[in-house]
Amino acid sequence: MQGAEYGDADLKKAMANELRQRLVEAQKEGRPLRVYCGYDPRTSDLHLGHTITMRKLRQFQDLGHAVTFLVGTGTSMVGDPSDKDKLRAVLTKEETEHNARTYAEQAYHILDREKTSIRFNHEWLLDLKLADLIKLASAFTIQQFIQRENFKLRWEKGDPVYLHETFYALMQGYDAVAMNTDVQVGGSDQLFNIITAGRKLQEAYGQRPQIGIIMGILPGTDGVVRMSKSLGNHIPILAESGDMYGKVMSLPDSAMPIYFKLVTRYTPVQVKAVEESLAQATRHPRDVKMELAREIVSIFHSEQAAVEAEEQFKRVFQARQAPEDMPEYALQSGQTLLDVLMAAKLIASKSEGRRIVEQKGVRLDGEVLPDAQAVFPHIGVLQVGKRKFVRVKIKDEG
RNA sequence: GGGCGGUUACCCAAGUGGCCAAAGGGGACUGACUGUAAAUCAGUUGGCAAAAGCCUUCGGAGGUUCGAAUCCUUCACCGCCCA
């Protein structure tokens, strides 16, 4: 179970045992295991952090089990109230279904399209009656919830803990009941929802409790805090190849091992080899990171795209040359440098433009341009900072 | 229902009449350096302006004052505690 992370050796052992047993049973019954993982449809795009559980699902698929990609259309109504600045996005059915399709498309970079069934948990959650809810709730004590670390911390800090946040676990637990699942995969933040809520409710409904497979959490591009779109440290699955490559390269060295472990297709043996080469400094960390970036781009784009992204990266950041493709801007006569920067959308305001020019951040064909106010000198490649390039041309040309 | 507190720039957060376009941190941006868009170091971080300066911003509206993020009135939203 590469990448599994229970934070508790006993639990890990228990889960491994149960999984083994369940596999034997299922084989006797001649059925595949029912495996699922849920995804919140409120954010529009998935990122590398989501792919960890998908990769695990994929392994089950490859072994012939029945995998469900569950879209949390019902649970998303509760959501995580820690995003207070966001409006309660009440998504229409059309919007959620649209998101779900987009999701699935993104997920198929990892999952096998033919073998994945997509379900929406509003199908069963929104039909629950009050009496059902009471039954669900009666399987738990307030104490169990107060014990949870994230509630506990907030409680102690005097921060609010909303009643409906407790529903989230119940709803997620009921998913397992509704689908009568054998295995649920999730991140370690889902430990309670999977192990406590899911298993308890299944027992309450006379089902065999599911086995939880708890995966490690991927840190974001800062290398420390978990990857999340709202923290802005994410690498979207849909990022274009050059951007994806660059984002991986911007990871701190310390994050490389966990990325190899959780995101790549490498086997445990290969991961170990990489870790050792880093620990013993037998390979240059930059080369290792480039290998990582290449692998990740290959997963979501292609080998070809990865090679191209790497060439581009070398060219722009190592050799400090202009990229081959860049946007173009048609120069109009009499425009100052500031006008051009503004019109080509390289800066957000003129003040910002002045500042950057003062800081020697603007170059034309490699020469620093010192005066924001001067008339634009000649056509060529205009560069702002290290990453922004525009080819400035005469108006009618091309 | 009662008591108390809060709403400040991209985010967190200080500021309780003038020295406030507003401390500090994070993030972001620029430069130097290099192994890279990492790390480190330096700088920048509301808008307009060449500049002096002007304008907009401290939840909304109104008021007091020569002068308000700071005081008053009112509205909205949020939170904690007690019941």
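If you're wondering where the values come from, they're calculated on a predicted model, not measured in any experiment.
A salt bridge links A/Arg119 with A/Glu123: at least one charged nitrogen is closer than 4.0 Å to a carboxylate oxygen.
No hydrogens or angles were tested; on distance alone, a donor-acceptor pair under 3.5 Å links the side chain of A/Lys289 to the base of B/U36. Residue-to-nucleotide contacts include a donor-acceptor pair under 3.5 Å from the side chain of A/Gln359 to the base of B/G43. The base of B/G35 is paired with the side chain of A/Asp253 by a donor and an acceptor separated by under 3.5 Å.
When the nearest nucleotides of RNA chain B are assigned to A/Ser250 and A/Gln373 by heavy-atom distance, the more 5′-ward of the two goes with A/Ser250. When the nearest nucleotides of RNA chain B are assigned to A/Met342 and A/His284 by heavy-atom distance, the more 5′-ward of the two goes with A/His284.
Distances shorter than 4.0 Å separate none of the side-chain N or O atoms of A/Thr221 from OP1 or OP2 on B/A37. Here A/Ser351 reaches the OP1 or OP2 of B/C48: one of its side-chain N or O atoms lies under 4.0 Å away. The side chain of A/Arg363 places an N or O atom within less than 4.0 Å of a non-bridging phosphate oxygen (OP1 or OP2) of B/G31. For B/U30, the OP1/OP2 oxygens have no side-chain nitrogen or oxygen of A/Arg355 closer than 4.0 Å. For A/Lys386, no side-chain nitrogen or oxygen approaches OP1 or OP2 of B/U30 to under 4.0 Å.
Scored by the ring pair (Phe, Tyr, Trp, His ring centres under 6.0 Å) test, A/Tyr39 finds A/Phe69 as partners (sequence neighbours excluded).
Within the 4.0 angstrom heavy-atom criterion, base atoms lie near A/Gly246. Contacts of A/Glu358 with the nucleic acid, taken as non-hydrogen atoms under 4.0 Å apart, are absent.
Here B/G47 is the nucleotide among B/U36, B/C33, B/G47 with the atom lying nearest to any side-chain atom of A/Ser349.
Pairing of B/C41, defined by two Watson-Crick or G-U wobble distances under 3.5 Å, is identified with B/G31. In this structure B/A22 sits in no base pair that meets the Watson-Crick or G-U test at under 3.5 Å.
Atom CZ in A/Phe317 sits roughly 18 Å away from atom P in B/U34 (whole-Å rounding). Atom CG in A/Asn233 sits roughly 10 Å away from atom P in B/A28 (whole-Å rounding). When the P atom of B/U36 is taken as reference, atom CZ of A/Arg387 falls 16 Å away, rounded to whole Å. Here B/U30 presents its P atom at 9 Å from CD of A/Glu352, a figure rounded to the nearest Å. Spacing between atom NZ of A/Lys360 and atom P of B/A42 amounts to 19 Å, rounded to whole angstrom units. Following rounding to the nearest Å, A/Leu292 (CG) and B/A37 (P) show an atom-to-atom distance of 17 Å. Remark: P of B/U30 and CZ of A/Phe389 are 11 Å apart, rounded to the nearest angstrom. One can place CZ of A/Arg354 at 6 Å from C1' of B/A49, the figure rounded to the nearest angstrom.
Between A/Thr181 and A/Gln210, the side chains place a donor N or O and an acceptor N or O closer than 3.5 Å (distance only, hydrogens not considered).
The gap from the C1' atom of B/A49 to that of B/U40 amounts to 37 Å, rounded to the nearest Å.
Within the cation-pi definition used here (under 6.0 Å to the ring centroid, within 45° of the axis), A/Lys200 does not qualify as a partner of A/Tyr205.
In this structure, A/Asp222 CG and A/Met227 CE are separated by 9.0 Å, a value rounded to the nearest 0.5 Å.
The only option from A/Leu33, A/Val24, A/Asp182 that meets the side chain to side chain contact (heavy atoms under 4.5 Å, CB included) definition with A/Leu19 turns out to be A/Leu33.
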